[in-house]
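Accompanying notes for the structure given below.
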Number of protein chains: 2
Amino acid sequence: MITPRTPSGVLELLPAEQIAFQRMLDAIRSGYERFGFLPIETPVFERSDVLLTKTGGETERQVYFVQSTGALEKSREADTSAEGPALPEMALRFDLTVPLARYVAEHEHQLTFPFRRYQMQRVYRGERPQRGRFREFYQCDVDIIGKDELSVRHDAECPAIIHAIFTDLAIGSFTIQVNNRKLLRGFYEDLGITDAEQQAAVLREVDKLDKRGPDHLRSTLTGAGFGLADEVVEQILAFVQVRSTGHDDALARLAEVERGSRGSASLAEGVAELREVLTLVRALGVPESDYCLNFSIARGLDYYTGTVYETTLDEHPQIGSICSGGRYDNLAGQYTRSRLPGVGISIGLSRLFWQLREAGLLEASTGESTVQALVPQVDAELLDDQLALASQLRHGGINTEAVLDGGKLGKQLRYADRAGIRFVAILGRQEVADGTVTLKDLRRQDQFTVPRTEVVSALRVELAQPQV
Amino acid sequence: MITPRTPSGVLELLPAEQIAFQRMLDAIRSGYERFGFLPIETPVFERSDVLLTKTGGETERQVYFVQSTGALEKSREADTSAEGPALPEMALRFDLTVPLARYVAEHEHQLTFPFRRYQMQRVYRGERPQRGRFREFYQCDVDIIGKDELSVRHDAECPAIIHAIFTDLAIGSFTIQVNNRKLLRGFYEDLGITDAEQQAAVLREVDKLDKRGPDHLRSTLTGAGFGLADEVVEQILAFVQVRSTGHDDALARLAEVERGSRGSASLAEGVAELREVLTLVRALGVPESDYCLNFSIARGLDYYTGTVYETTLDEHPQIGSICSGGRYDNLAGQYTRSRLPGVGISIGLSRLFWQLREAGLLEASTGESTVQALVPQVDAELLDDQLALASQLRHGGINTEAVLDGGKLGKQLRYADRAGIRFVAILGRQEVADGTVTLKDLRRQDQFTVPRTEVVSALRVELAQPQV
């Protein structure tokens, strides 16, 4: 006898939670589709030589390699040979960006650009298991890929998508924070920090501001390693603490930064892009309370080149960003000579779900089953009628479970209640004689009898009503 | 520069096909939910010791093992040690049955029985790549698991589910073929073939009947290896060619088999089960033209113990069974002492999709995009208005792409047409002045103008109409 257990570092859910998770996936997918994105799926594994072209040491250490039994035996023989061990032929994807790059480069001539794709699949990282860190987790990505060029206007779509989806998910108020890497670069250039590596080092220190506080940042940046002037550090501190408080305020902050510039072309470009993006975000109907400028956001330093986004829950800032992304110059330089600029965002749903559950924010959504009606077995003699009723409900689009094993009605009702099945459709001798069905609403503790011919429409009306 | 390419043996789809595939997945899921099944998902990998308890040599050779970089290095060191190589810690699931067994055994005390679950995920087999054989493919499984016992009535649900789903999928008329392993066993017992191994050997030969013909079967079974009497072989031949032609005919065939029995208890039990199952299948509203008895069906010899199912497309029998399954005595004997009988079916969607595509049966379903409306850029000055219109449509639940890059209207219309986007919602200067929108229906080659306030309801009406 083997003890059944899941590998560590995975999020396996019981059905009630799986339903809640699936509803979130559905809401995200429906949001992505509403904005005109097309679905793609890629294989869970890629060829190792294709997947690992770009990755640095850290990522490579976290990759899962895949070998069939035959390949495993072969590689073991090869390991003892003079050439030493080779990488296994295949590896699990560690994000959806590299597979997207491979997909777009491979199918380039069969795609229409701008290519608007969404992809919602699991990715794999060989991390050390720890609370809230997963080795397998869902990413829900959406990207717009241009060929040769992609107007910055597309950067305005991301906040609109984030707004639509997180409004639908109803997990509380949120703020979409926007910044621009060109503006950042220009700001530091203006301060005389022109070297890319030095900029990156400063940004890494700035990124620790929330954790270590301004005094620590001051002493680090003015210290031996950086040697920045006090005045420069104060300018940095003031800059990274900018959060706009409305649309006009955001435009005013941009004007202010522009006025303070010592002429960096990059800064001017960043300001112009942000101005256009914010204007179109408003045109797309995102309320100004839900987005702001945040000059501290940098995101992946070697990847994003223009607009960057983070999204935080206003009442749960400790959760961190729940949806991030940005603009990049070239998606697939390692696979094709075509220039493929793009912009996109990603929702790490497994981690978000886990955090919402930890914060107690999922209880309301885990109570309701996908099963909408139960047809109990009231009388074994009437089984055929009960099955016909179940069929009638199913044909009417109502998710229905029919009890086939019998037992006391009270027990069947308790089962429905515990399972989160809202309606019970009872067909006893009286109902068969009268041509009726008795409907019990377990949510509202209500009961009523309807003609058999009207049971579907009656249930549909009930199910369409908002639930208390 | 690395050539971007997928690993061999995977089915990667372009967006138009991915949409068709996703619609099939959605139809299957919706069918499973309509019958009151709950979703579960399990991790793509399982612990090797948990996954490989039951598997024989063939399956084990087809398993993909998974190792993180760290584990790979460690195992390479261990390989040269005295103990020799150990199995990698994890492996990709090769079906959804073993993960279901592990899931039910692991979470047994948190589940309600009968446990009705559906699961639609990809599985992995290290097969030699060949046409129509995949190393990664979707399985869409549904099972009902009892604790200690599960009434045979549940066996009637599977044909009803198959019927509902394949009617929805609209890939042509189909027949659900039903048999029972107890009846098979009893039939061979009655013929004096009582040894389980001999029965299995005969069934394997019978399984080749379609390919090799009755003469070959006759000579094999009467030959040295089997040594069956001519008369016995004729009885077998007559038996396995039974296909009922309607509900009453099916019951008559069962009565006939029962009359011919020399008293096997197993045969009597199989007949009684089939009788009950067929009766309930009819009560569940499956038309009698869509199911039949087929005494040649055996399925997995060491797994199924009662009712078994196969489903074939009437006009494409060469595709083979598109949905199969059956009843088993004990799901998870390797993980728990609890007895968990069950019944279920599986749809191998990747293979089915590939076969339908090969047979040219998918063309109709790959033309229509998920994007329902395009808002073209008619006039760059009106971009804000166009974005507001796109938002209005999206709020109305209409999947909408807004053109942000501009270009000639004719080119934008051609794009929509080629991409399978049915409606174009044009907002030019005239429309803005009049408070209207011009709607082009590219499918029907039709055009009409509606007040801006009514654009959502107008499109909804159009989209709800059946498409010619």
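Each chain gets a letter, A, B and so on, in the order its sequence line appears, and its residues count up from 1.
At a 4.5 Å heavy-atom cutoff, B:P99 makes no contact with chain A through either its backbone or its side chain. When heavy atoms are compared at a cutoff of 4.5 Å, B:T336 approaches chain A solely by way of its backbone atoms N, CA, C and O. Contact of B:A390 with chain A is not made at all, since no heavy-atom distance falls under 4.5 Å. Heavy atoms of B:Y124 lying under 4.5 Å from chain A belong exclusively to its side chain. Neither the backbone nor the side chain of A:L393 comes within contact range of chain B; no heavy atoms are under 4.5 Å apart. Residue B:D168 does not touch chain A at all, counting heavy-atom pairs closer than 4.5 Å. With a 4.5 angstrom heavy-atom cutoff, B:T400 touches chain A via backbone and side-chain atoms both. Heavy atoms closer than 4.5 Å to chain A are found in the side chain of B:L383, but not in its backbone. Heavy atoms of B:R29 lying under 4.5 Å from chain A belong exclusively to its side chain.
Look at B:E46 and A:R5 and you find no salt bridge, because none of the NZ, NE, NH1 or NH2 atoms lies under 4.0 Å from a carboxylate O.
Rounding to the nearest 0.5 Å places CZ of A:R394 at 4.5 Å from CZ of B:F35.
Applying the side chain to side chain contact (heavy atoms under 4.5 Å, CB included) criterion to A:S30, with sequence neighbours excluded, gives A:R34.
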